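Here is the structure we will look at.
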Amino acid sequence: MREQDLRELLRSMSLEEKVGQMVQVTGAFLEEDAVITGPAADAGLTADDCRLAGSILGIAGAKRLREIQDRYMEAHPHHIPLLMMADVIHGYKTEFPIPLALGASFRPEAVERAMGMAAAEAASAGLHVTFSPMTDLVRDPRWGRVLESFGESPWLDARMAEAYIRGYQGEDNDLAVPGRIAACDKHFVGYGAPVAGREYNHSELSEHTIREYYLPPKIAAIQAGTACVMPAFQSLNGIPCTAYGKIQRDLLRGDLGFEGVTISDWSAVGELVAQGVAEDAREAAKLAIQAGVDIDMMSVCYARNLKDLVESGEVEERLVDEAVWRILTLKNRLGLFEDPYHGSSPEAERRTVLCREHREAAREMVADSLILLKNEGVLPLNPEKKTAFIGPYVDSRDTCGSWAIFQDRADTVTLREGVTECGLGENAEFFQGCQVLENTRVLGFGVEEVFGEPENREELLREAVEAARRADTVVLALGEHTLQSGEASSRGEIVIPAHQMELLRRVAAVNPRVVTVVYAGRPLDLREVERYSAAILVPFLPGTMGGAGIADVLYGRRSPGGRVSMSFPWGTGQIPVYHNDYSTGRPYDPAGAEQKFVSRYLDIPNEPLYPFGFGLTYGSFTYSPVRLSGDEMGAGETLTASVTVTNTGAMEATEKVQLYLRDEKATTVRPRRELKGMKALRLKPGESREAVFAVTEEMLKIWDREGRFLAEPGAFTVYIGPDSRTENGAGFRYR
Ligand code: GLC
């Protein structure tokens, strides 16, 4: 529609009709089997509220959504099309590995391609907007939603945010192109830092920390053109983000120039009452619209109160008009006034969903994101020798994560199927060994699972141990339950369930050649796994093609490509631990003499069990010293930093060469290391290649004491190596 016609449409709408565009309801109000992704309590919305709603969430399917669109547009006074939104977080029906694993791939270009496929599937099924990417930087694996994050590095998170947005919206952000969906970057801001790692808890972050760590991925998403932004549930420094005008209007729209639609989180407007900043739904609506929330997701506040607030003069109608203009503009950018179905159809759905190309891409992503943490001569497996596959994840299809809300479990490839379908099962045996959980109840979006103790518990254990005894190598598939991570799934102890660890100990006692494959939605405490395993693989939650991708790596068809995207702590007591932490006035040098008055613990190390950037491959790589094109650079200038990497191993593999920067002295304390670049080099045995990086002035910029973003003169060190602990560095000065 032409802009002038859109303006005319807005002018022709009544206040009630305008407020309706700002209301989002779950599809459950239209259909019985929608996916409820928030408190399922009756939000108190009525059919009339739904009649004028501007958007719905939580249901998909071309036929269903076309029928709903037809009914809605027919009944609507101006026949304005609905926006169809949902959580497509790492795939629609073809689930890719969870975002924490996608971050671990260190391959933004592969992630962009994967999200393009996710968009094509979701769009063919009638969806217009996805509540993704989640670009919340994370440091606390007790928090269940680290599974949705790309990890602890602002740089890596920013590259992944860009990849997601380009994948969903296309390089040119032309949303009207069929097969694309609008992105919604979330959550704005600091949701990934809940105090004590407890879900929905408040976050306390200085402005300096927000700008240094938590904003860069969001700025990247905005600069990449995200169509929407979702303010976060939690309060930030005492003010709920949903009601925080300074971060929504001043920072998000003012400083960062975001012009798209803001949509609250589920019932977050109504929850301002429980947060104690609103007397009632009416005051909550007033606070939210004044702070800048355009769409009220699943609360009654706007539907019940906004019209009256405007008519009473408490809220300027201008604020409603601005919000509705942004919503109508998004619908127009999607081309919905010309094609309310946005190119979706049952035929397009059948052609696109779970197609071979998508499955193959998902399978490759598993190998690219899977992290090999340890390998003492047992991997890759020899298919000629007997391998016992043991554990509750051998035959589990629950390996896609809690956000796989549209995926059919039956489509997931189990580890057993991955092995046998590779034609590698001839010398493999498969045993459950134990259940994933015992005496536990887990809840997810509309899902409840209750676990007791299996009657044949001892039998399962005994036959597994016997199989381990007679095997050449054991592959143990263990992990936390898929519903022990994700939203509303914080854990105080981040460990593999105790009865599974008992299985590991019993198996390792009869066969030391144990490969432990760890399924999890977060970095777990793997100290005991490390003690009893000769090799450790972490696929996290690998998605639809998990079993096939893991089998490819186990048998050496592909080399593992993952690198730690979020540090694995040396136990819960060490949390938060992350590579880009500040030094202190009394740094602890573990190699130094015994020191008392230094920054350390008495009973545990400072360093994580597995640090950011770490990951083994089936190759073996050496690095030359870092070469710099000069020993100083000035404003607007660039240095190049390079190394020569050689694969001295016996197998072809890809090395994820990482560039870290350290600002040796500045007006504010600086991180010991900051990831600022990465290059993937695929090298054959014996092959050498140069990795060349540009060191730019932009990379040197920091937020100084006056809140300015600039590069300060002084000494810097560039490190280039296989992970964040590398000491392979060279110094230069910025003058
Ligand atoms: C959930 C999540 C948010 C999601 C929304 C809609 O509570 O916090 O990330 O997009 O509700 O499902």
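Just follow the structure's listing: the first ligand is 1, and inside any ligand the first atom is 1. Just so it is clear, the structure is predicted and the values come from calculations on it, not from any experiment. Keep in mind that the numbers below use all heavy atoms, side chains included, and drop hydrogens, waters and symmetry copies. Residues: numbered from 1 along the sequence shown.
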For ligand 1, which atoms sit closer than 4.0 Å to a heavy atom of [X]?
X	answer
R145	2 (C), 3 (C), 8 (O), 9 (O)
E487	1 (C), 2 (C), 7 (O), 8 (O)
M297	6 (C)
F233	7 (O), 8 (O)
K186	3 (C), 4 (C), 9 (O), 10 (O)

Whether Y191 and W143 hold their rings parallel, tilted or perpendicular, with breakpoints at 30° and 60°: perpendicular

Decide whether the shortest distance between a heavy atom of [X] and an atom of ligand 1 is less than 4.0 Å.
X	answer
H187	yes
M298	no
M230	yes

F233/W266 aromatic ring centres below 6.0 Å: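 So the answer is no for these two rings.
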
Do R409 and D398 sit within salt-bridge range, that is, some charged N less than 4.0 Å from a carboxylate O?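 A salt bridge links R409 with D398.
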
Please determine if E16 and K307 form a salt bridge, counting it only when a charged side-chain N lies under 4.0 Å from a carboxylate O.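 Looking at K307 together with E16, the answer is no, because their closest N to O distance does not fall below 4.0 Å.
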
Taking both backbone and side-chain atoms of W403, is any N or O found less than 3.5 Å from an N or O belonging to ligand 1?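 No - when backbone and side-chain N and O of W403 are compared with those of ligand 1, no distance drops under 3.5 Å.
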
Ignoring angles and geometry beyond distance, decide whether E148 reaches within less than 3.5 Å of ligand 1 through its nitrogen or oxygen atoms. no

Determine whether a donor-acceptor pair (N or O, by modelled atom type, separation under 3.5 Å) exists between the side chain of E112 and the backbone of P108.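 A pair under 3.5 Å: no.
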
Is there a donor-acceptor pair closer than 3.5 Å between any side-chain N or O of S124 and the backbone N or O of E121?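 Indeed, once roles are kept as given, a pair shorter than 3.5 Å links the two residues.
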
Looking just at side-chain N and O atoms, do D70 and Y341 make a donor-acceptor pair shorter than 3.5 Å?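 Yes - a donor-acceptor pair under 3.5 Å links their side chains.
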
With F540 as partner, the option from L524, L147, I371 fulfilling side-chain contact (heavy atoms from CB on, under 4.5 Å) is I371

Among D87, D136, D265, which one puts a heavy atom closest to atom 8 (O) of ligand 1? D265

